[in-house]
Amino acid sequence: MRWLTAFSALAASSVPFAHAVSSQAYTWKNVKIGGGGGFVPSIVFNPSQQGLAYARTDIGGAYKLNSDDTWTPLLDFVDNARWNYWGVDALATDPVDPDRLYLATGMYTNSWDPNNGQVLISTDQGQTFTPSPLPFKVGGNMPGRGMGERLAVDPNSNNVLFFGARSGNGLWKSTDYGQSWAKVSSLPDVGTYVPDPTDTSGYNSDKIGVSFVTFDSTSGSSGNATPRIFVGVATNTSSNLFMSNDAGSTWSALPGTNSSWMAHKGVLSPAEKALYISTSDGAGPYDGTLGAVYKYNITSGTMENITPVSGSNLYFGFGGLAVDLQNPGTVMVAALNCWWPDGQVFRSTDGGNTWTSLWDWASYPTMNRYYTYDDSLAPWLGPDGTADSIVTQIGWMMEALAIDPFDSNHWLYGTGATIYGGHDLLKWDTVRNVTLESLADGIEETSAQALLSPPTGPTLLSGVLDEEGFAHTNLDQAPSAEFAPATGTGVTGLDYAGNDPQTVVRVGNGDSTDGPQAAISNDAGNTWALDYGSPSGVSGGKVAISASGDTVLWSSSANGVQVSQYTNAFSVVSSLPAGAAIASDKKIDSIFYAGSGNQFYLSTDGGKTFTKQATLGTSSSTSTVIANPGVTGDVWVSTDTGLFHSINNGTSFSAVSGVSQAWSISFGAPASTGGYPALFAIADISGVVGYFRSDDAGTNWVQINDAAHGFGSASANVIAGDPRIYGRAYVGTNGRGIFYGDTAGAASSSTASSTSTRSTSASSSAHSSTVSSSASHTTSTSASSSSHSSSASSTSSTPSSTGALQTAYGQCGGQGWTGPTACVAGYTCTSTNPYYSQCVPT
Ligand SMILES: *[C@@H]1O[C@H](CO)[C@@H](O)[C@H](O)[C@H]1NC(C)=O
Ligand SMILES: *[C@@H]1O[C@H](CO)[C@@H](O)[C@H](O)[C@H]1NC(C)=O
Ligand SMILES: *[C@@H]1O[C@H](CO)[C@@H](O)[C@H](O)[C@H]1NC(C)=O
Ligand SMILES: *[C@@H]1O[C@H](CO)[C@@H](O)[C@H](O)[C@H]1NC(C)=O
Ligand SMILES: *[C@@H]1O[C@H](CO)[C@@H](O)[C@H](O)[C@H]1NC(C)=O
């Protein structure tokens, strides 16, 4: 069926969308990175059904645990219109009816997410969900997202749920299994703490709100609402723990804790009739320098401080907290952020009277590590994997900690990068040596920024935030190492030289302490050398390398467009706007292409100067420029008003009919040898926002994603065709890792699934907002990740200008840090990882 025809660019936006979209079945699988690759804020076991457990992530949805230790994603249906479902701020599994699962979802409570949140209700353990809209926003990727859980099911009357909202919206209650919600106005405090009142973006200046809700199951009887409920709130100036003895009608403050420290977790030990509480002076997930662990004796009404360490050994707050339901009195707690020398976990078998730790000092600097490290499921993770500035094994940002309620040997905890745990936990108490395994198999939560399937060498090269990137030779096997040497905190751009495809360039995020953030490979991405022409501090964005591989053109929003030949120093290209979309010709070494706003540009002098060519209709932002690898002058440009094609170096363009907006585009292998390369596009075609392929240069299109593979926010994602395998496409998502898809049937002309509806104006504005979060570590941090976004925000890691000196072992830098960056005498500020620098002895 022919339903798209080339016509004048200027008419593109006025054409009605009358055609059905044809589709083709594809088989989609994750490109296995294996190990998560991002923050896992919470892991929750169901106390009633053996083996039932879930994990939630901040930008990539939720997962269910399988009996073989693998995880199954639950929210892969989430498409562009529902992108904020992937921010899961709280999770509750029903102790009465284990088939019921609730997820409180929404991405940001500031303007980056214009949509309110919703509780996703499942009655089949997450196979299907029904959304219950909330009248306020939910912040799955906001500060304090590791506190919780904020959502809880009454263990005696499971129609009753409580949800602790953010932003000062307080406590909410449902009595109909989450279908409708009403505010509980009786709670005396809604959580007034904000991490940074001066943050004008609203990200760090919004109230964290209610931090957890925990029912005391022992206080009630089956069939009646549980009378005793504990609630924590993020407030650091007055009482922040409350108890109700009348099912939430009235509340009283629980005295006995330091109210400067906020409760992250409140975990009930029913057999002991005790509530364990972990606290920190920060909301997390990156901060916290002090805190305590408490035990509230429900019978006696007394609060006991059971903090495992004190004095100079206490330089962190506490997050993850777990009890062993099989062994009352066995409790574990994680240092939320013990950045140096490694994370820390404590265990007590006597209700917190005495503790042992996962490591301690033998004699400085030698550590006793009471574990055997096993990252065989994700060999790139550990310090044995690659040269990485992060040398910790145990982890950081440890808010999720759980002991299997049916198996005292089985434990899991979440870090900023993965899930660790094991199956021999009781050995902690005997030989004091457990096997610490990476157990995030199936969790793929990287934020992919760049994908390249080169004509030769590895099947796929990927650039992801937080983990640099990978050369994937076997898509179903976790890579053994990240790109090395590292350039910073995530690769954002990749390109190959058309006439010399062994030559590949990458650029990535980093700061001025990370050194060069461009690197060049001469073996198609297997090994790399830093490009020392790359100026310190120039970071992120997209990159193009000339056909012969001698010239690198680099476009970033913060540092403009720069060019370098023969790895000499980069110089500014003044004829191009900052953040312009760029591409190299794959045949002629001196030709580069660029687009910005509605203007297309051509360089014929190796990227030194660009001249304006034709305009791209009424577009206001250009997303991607690609050049036909076989034909000089044949270029495609995606913009916020459509998809444009030129066969004369941009002297003139035609707009592709029916395409009203397009983001990432790429060439793949042609349908028949010598034919026009397949064209892949993330686009709005005929009113359907989806993932499309054209085998005839844009005349006919088939949709290649389906209702089960929505891939989240379209604008935040990248697509790449495979030049060696016809039909193969790679989709890099913002939080659900990378997928590869192969044709699984002939193209049909059936109407596309109704789940992939046209983007509403609300989700359109979300396109530009998802890419602007720079305060979030696993996420859409790159302002340049989606070059069409013209309103990307600046990074939040502005150093303090106060001139104050940090004290011994205090934090002195890292993403989001605004405090002192210099140390008192005798101490040097040393970068532990991108999120934390610490004053250590000189
Ligand atoms: C409470 O939090 C604010 C940040 O909102 C911080 O400036 C203040 O120092 C904290 N107070 C205490 C007592 O820790
Ligand atoms: C309570 O917390 C504040 C703020 O971190 C700290 O200065 C104070 O020493 C703490 N009090 C106790 C008794 O630990
Ligand atoms: C709680 O206090 C009661 C009364 O003092 C005592 O009998 C009980 O052992 C305590 N429970 C725990 C877990 O410490
Ligand atoms: C724990 O076992 C591993 C593997 O045998 C060993 O390398 C490590 O030293 C042990 N830890 C301690 C503190 O003995
Ligand atoms: C594109 O520009 C290059 C350099 O000026 C030229 O060699 C080539 O013929 C042009 N191609 C087309 C199709 O105009």
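Both counts, for ligands and for their atoms, begin at 1 and track the order of listing.
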Subject >> Neighbour count above 12 (heavy atom, 6.0 Å) for Lys427 NZ >> reply: no
**OP:** State whether any protein heavy atom lies less than 4.0 Å from atom 9 (O) of ligand 3.
**Re:** no
Original post:
For atom 14 (O) of ligand 1, is the nearest protein heavy atom closer than 4.0 Å?
Top reply: yes
**OP:** Examine the side chains of Thr435 and Asp374 and answer whether a donor and an acceptor come within less than 3.5 Å of each other.
**Re:** no
**OP:** Give a yes or no on whether atom 5 (O) of ligand 1 lies under 4.0 Å from any heavy atom of the protein.
**Re:** yes
**OP:** Decide whether Thr93 and Asn46 meet the rule of one side-chain donor and one side-chain acceptor closer than 3.5 Å.
**Re:** yes
Subject >> Proximal ligand 1 atoms for Tyr193, defined as those under 4.0 Å from one of its heavy atoms >> reply: 2 (O), 4 (C), 5 (O)
Original post:
Can the ring centroids of Trp172 and Phe136 be said to lie less than 6.0 angstrom from one another?
Top reply: yes
Original post:
Which ligand 1 atoms does Ser260 reach within 4.0 Å, using its non-hydrogen atoms?
Top reply: 13 (C)
Original post:
Yes or no on side-chain hydrogen bond (donor to acceptor under 3.5 Å, both in side chains) for Asp350 and Asn353, after CA distance, side-chain angles and deciding distance?
Top reply: CA-CA 6 Å; Asp350 57 9; Asn353 283 327; 4.7 Å; no
Original post:
Any N or O on Asn433 sitting closer than 3.5 Å to an N or O of ligand 4?
Top reply: yes
**OP:** Give the residue, atom name and distance (to 0.1 Å) of the protein heavy atom nearest atom 3 (C) of ligand 4.
**Re:** Thr372 OG1, 3.3 Å
Subject >> Spatial distance of atom CG (Asp287) from atom CE (Met397) [nearest 0.5 Å] >> reply: 10.0 Å
Original post:
Does Arg369 approach ligand 4 within less than 4.0 angstrom via side chain, backbone, both or neither, non-hydrogen atoms only?
Top reply: backbone
Original post:
So, does Val194 sit close enough to ligand 1 that a heavy atom of it is under 4.0 Å from the ligand?
Top reply: yes
**OP:** Look at ligand 3 and say whether Lys295 reaches it with a heavy atom at a distance under 4.0 Å.
**Re:** yes
**OP:** Out of Asp196, Thr198, Thr235, Asn236, indicate the one that has the non-hydrogen atom closest to atom 12 (C) of ligand 1.
**Re:** Asn236
**OP:** Find all atoms of ligand 4 within a distance of less than 4.0 Å from any non-hydrogen atom belonging to Tyr370, and give their numbers and elements.
**Re:** 13 (C)
**OP:** Carefully, step by step, assess Asp424 and Asn409 under the rule side-chain hydrogen bond (donor to acceptor under 3.5 Å, both in side chains).
**Re:** CA-CA 5 Å; Asp424 61 359; Asn409 268 314; over 6 Å; no
Original post:
Would Ser408 and Asn327 count as a side-chain hydrogen bond (donor to acceptor under 3.5 Å, both in side chains) if you check the C-alpha gap in whole Å, the side-chain angles of each, and the deciding distance to 0.1 Å?
Top reply: CA-CA 8 Å; Ser408 301; Asn327 291 301; 3.2 Å; yes
Subject >> Stepwise side-chain hydrogen bond (donor to acceptor under 3.5 Å, both in side chains) test for Thr70 and Asp441 >> reply: CA-CA 5 Å; Thr70 63; Asp441 191 6; 5.8 Å; no
Subject >> N or O pair under 3.5 Å between Asn297 and ligand 3 >> reply: yes
